Amino acid sequence: MNKMKIAIIGGGSAGVWTALNYGYQTRKYSDVEVELIHDPEIDSFPVGQGTTLNVVDLLSLACGIDWYHNEIRATPKLGILYENFSKKNKNIYHPFPFKSIAMQIDPKYLQRYILNSGLFNVKEENVTDLDMVDADVIFDCRGNTKKDDIEYEPLYCPVNSVLLAVGPQTDPQLWSRHVATPDGWTFVIPNTTKTLSYGYVYNKDITPLETAKTNFSELFPEASEPYSGHFDHKEKVVNLPFESYMAKEPLRIDSNGRKIILNGNRLAFLEPMESTAIGFYLKVAKFASNWILDDSSGSLSQKTKLSKDIFLMNDTKDYISKYIHEMQTFISWHYTKGSVYDTPFWRVAQAETSSIFEQPNENFQYMVNLAKSVDYMDCRTGYVGPDYGQWQAHSIKVWYDNYIK
């Protein structure tokens with residue numbers, strides 16, 4: 001019997017979550033082999049501490065992890081507290097369902113934990129060319145480097161740089177804090193080491209680096225420890241610029257007939273508002289399952305198989321593109337009314353994001369109208385409407401009622 005081999009290239013967050021998904025999903029498939037190939041000398045992107053709810057479910061099911069042993073240094077995340085965004089409401093709390101929980105983790109410890117899960121093979125190698133990889137399916141999770149062969153669509157984002165630091169934690173914090181500042185906003189995330197991670201997110205084209213550093217230290221004087229030293233990264237991260245984008249071709253069939261799927265920062269990048277990254281990586285892996293693991297064409301002719309394969313590939317491509325644009329839309333909505341600050345950053349952010357919503361967007365408008373028409377009990381007691389990106393009607397309603405309306 002010929003085995004299908006699924007190879008995941010890269011040991012960062014996208015790589016390990018993709019490998020965990022397929023290792024768990026195919027654990028009883030004798031005809032599927034899952035292997036993650038990574039170079040342990042290459043550091044992963046030093047952010048991505050917050051998660052959504054779905055990733056906790058997979059980690060629990062696949063690994064049986066528990067909060068007592070907590071090998072990944074996770075803290076429970078019960079929602080997101082937005083501070084100083086609204087002129088009407090000082091604090092806006094985006095809750096998760098009371099029975100559910102997300103987490104905030106040290107990415108390094110999480111990656112090591114999943115690599116040692118035993119649910120897939122692990123090989124240490126620096127893959128610089130996908131032709132080096134012997135596999136039927138390849139998830140390319142090599143990050144935001146050497147992407148000359150990939151075409152990208154830029155996505156508008158009000159922020160494009162972040163300063164990272166760590167400070168002491170005095171009181172327990174069970175949610176992420178997103179604090180609006182004159183230059184943008186700052187995430188504040190609790191760690192198990194009685195510290196808080198700070199990320200001062202700003203726009204380097206509006207606020208010079210030295211000004212951002214000064215404003216960061218004045219607003220959060222306690223955030224004085226290097227982020228890199230705390231999280232065991234080799235490079236000291238002082239300032240981390242970024243851009244928002246998505247690949248025009250997230251997946252393809254190469255000249256050797258192999259299925260190639262991009263994931264992680266190689267596929268797309270969005271700012272950390274709403275902690276979308278890890279949930280997005282996992283969603284991409286799940287979207288691709290129908291295309292990769294389709295077993296309904298055994299009796300079909302070769303021509304019909306190829307036709308079905310191309311149909312499933314294009315269907316998956318559409319799902320991924322739609323999902324990314326939905327995430328960008330909801331994140332952009334967080335800026336459309338400005339904040340408590342009347343500063344150059346917020347004036348530009350409000351003007352640019354408001355213009356996005358002047359364009360017709362039937363799916364998003366449907367979700368807004370749905371959120372306006374139901375009460376919170378309806379949201380809590382039953383599934384209300386379709387998801388929009390990673391969010392159900394409840395999330396749209398919270399932001400509409402407290403910020404937009």
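Model, not experiment: these values are computed from the prediction.
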Exam field: side chain [X] to backbone [Y], donor-acceptor pair closer than 3.5 Å:
| X | Y | answer |
| --- | --- | --- |
| S373 | L370 | yes |
| S355 | E352 | yes |
| N361 | F364 | yes |
| S321 | K317 | no |
| D387 | G389 | no |
| R258 | V133 | yes |
| H334 | F330 | yes |
| R177 | F187 | no |
| Y281 | S13 | no |
| W346 | T181 | yes |

OG1-CD distance between T75 and Q173, expressed to the nearest 0.5 angstrom: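 Interatomic distance, T75 OG1 to Q173 CD, rounded to 0.5 Å: 8.5 Å.
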List the steps and the verdict of side-chain contact (heavy atoms from CB on, under 4.5 Å) for E83 and K90. CA-CA 6 Å; E83 303 173 30; K90 177 176 173 53; 5.8 Å; no
Show your reasoning for whether side chain to side chain donor-acceptor pair (under 3.5 Å) applies to Q328 and S244. CA-CA 9 Å; Q328 186 211 13; S244 295; over 6 Å; no
Determine whether N191 and Q49 satisfy the following criterion, side chain to side chain donor-acceptor pair (under 3.5 Å), listing intermediate values before the conclusion. CA-CA 9 Å; N191 308 307; Q49 282 186 254; 2.9 Å; yes
Between H94 and W399, is the ring centre distance below 6.0 Å?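 Between W399 and H94, which both carry aromatic rings, the centre distance is not below 6.0 Å.
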Quick test of your reading of the model: are R252 and E249 salt-bridged, counting only N-O distances below 4.0 Å?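 Salt bridge: no.
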Is any NZ, NE, NH1 or NH2 atom of the basic residue among R347 and D342 found under 4.0 Å from an Asp or Glu carboxylate oxygen of the other?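 A salt bridge links R347 with D342.
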Given side chain to side chain donor-acceptor pair (under 3.5 Å), test T186 with Y202 step by step and report yes or no. CA-CA 8 Å; T186 297; Y202 68 101; over 6 Å; no
Student check: side-chain heavy atoms of [X] and [Y] closer than 4.5 Å:
| X | Y | result |
| --- | --- | --- |
| M327 | Y388 | no |
| P95 | H394 | yes |
| Y82 | M273 | yes |
| L119 | V34 | no |
| T52 | I278 | no |
| T276 | W391 | yes |
| W291 | I253 | yes |
| Y366 | N369 | no |

Going by the angle between their ring planes, with limits at 30° and 60°, are [X] and [Y] parallel, tilted or perpendicular?
| X | Y | answer |
| --- | --- | --- |
| F269 | F242 | tilted |
| W175 | Y93 | perpendicular |
| W185 | H178 | tilted |

For D315, check salt bridge (Lys or Arg N to Asp or Glu O under 4.0 Å) against everything at least two apart and list the hits.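 None.
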Shortest non-hydrogen separation from S339 to K87 and the atoms involved: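 Looks like O-NZ, 2.8 Å.
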Any idea which heavy atoms bring E271 and C157 closest together, and the distance?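 Nearest heavy atoms, E271 then C157: OE2-SG, 3.4 Å.
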Would K397 and D375 satisfy salt bridge (Lys or Arg N to Asp or Glu O under 4.0 Å), going step by step from the backbone distance to the final call? CA-CA 9 Å; K397 184 173 182 62; D375 62 27; over 6 Å; no
T26: partners by side-chain hydrogen bond (donor to acceptor under 3.5 Å, both in side chains), with sequence neighbours left out: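 side-chain hydrogen bond (donor to acceptor under 3.5 Å, both in side chains) list for T26, sorted by chain: empty.
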Could you walk me through whether T18 and N263 satisfy the side chain to side chain donor-acceptor pair (under 3.5 Å) test, starting with their C-alpha distance in whole Å, then the side-chain angles of each, then the deciding distance to 0.1 Å, before giving a yes or no? CA-CA 8 Å; T18 301; N263 204 355; 3.0 Å; yes
Show your working on salt bridge (Lys or Arg N to Asp or Glu O under 4.0 Å) between D140 and R266 and close with a plain yes or no. CA-CA 7 Å; D140 188 354; R266 204 160 189 83; 2.9 Å; yes
With side-chain contact (heavy atoms from CB on, under 4.5 Å) as the criterion, how do D205 and S161 come out once you've worked through the C-alpha distance, each side chain's angles and the decisive distance to 0.1 Å? CA-CA 9 Å; D205 302 315; S161 202; over 6 Å; no
Test side-chain contact (heavy atoms from CB on, under 4.5 Å) applied to L115 and V16, step by step: CA-CA 7 Å; L115 284 172; V16 297; 4.1 Å; yes
Just do the salt bridge (Lys or Arg N to Asp or Glu O under 4.0 Å) check on D309 and K259 with the steps written out, would you? CA-CA 10 Å; D309 209 33; K259 297 175 179 179; 3.1 Å; yes
Flag yes if more than 12 heavy atoms outside F357 fall under 6.0 Å of its CZ atom; otherwise flag no.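 More than 12 within 6.0 Å, yes.
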Could you please spell out the steps behind the side-chain contact (heavy atoms from CB on, under 4.5 Å) verdict for T51 and V56? CA-CA 8 Å; T51 80; V56 180; 4.0 Å; yes
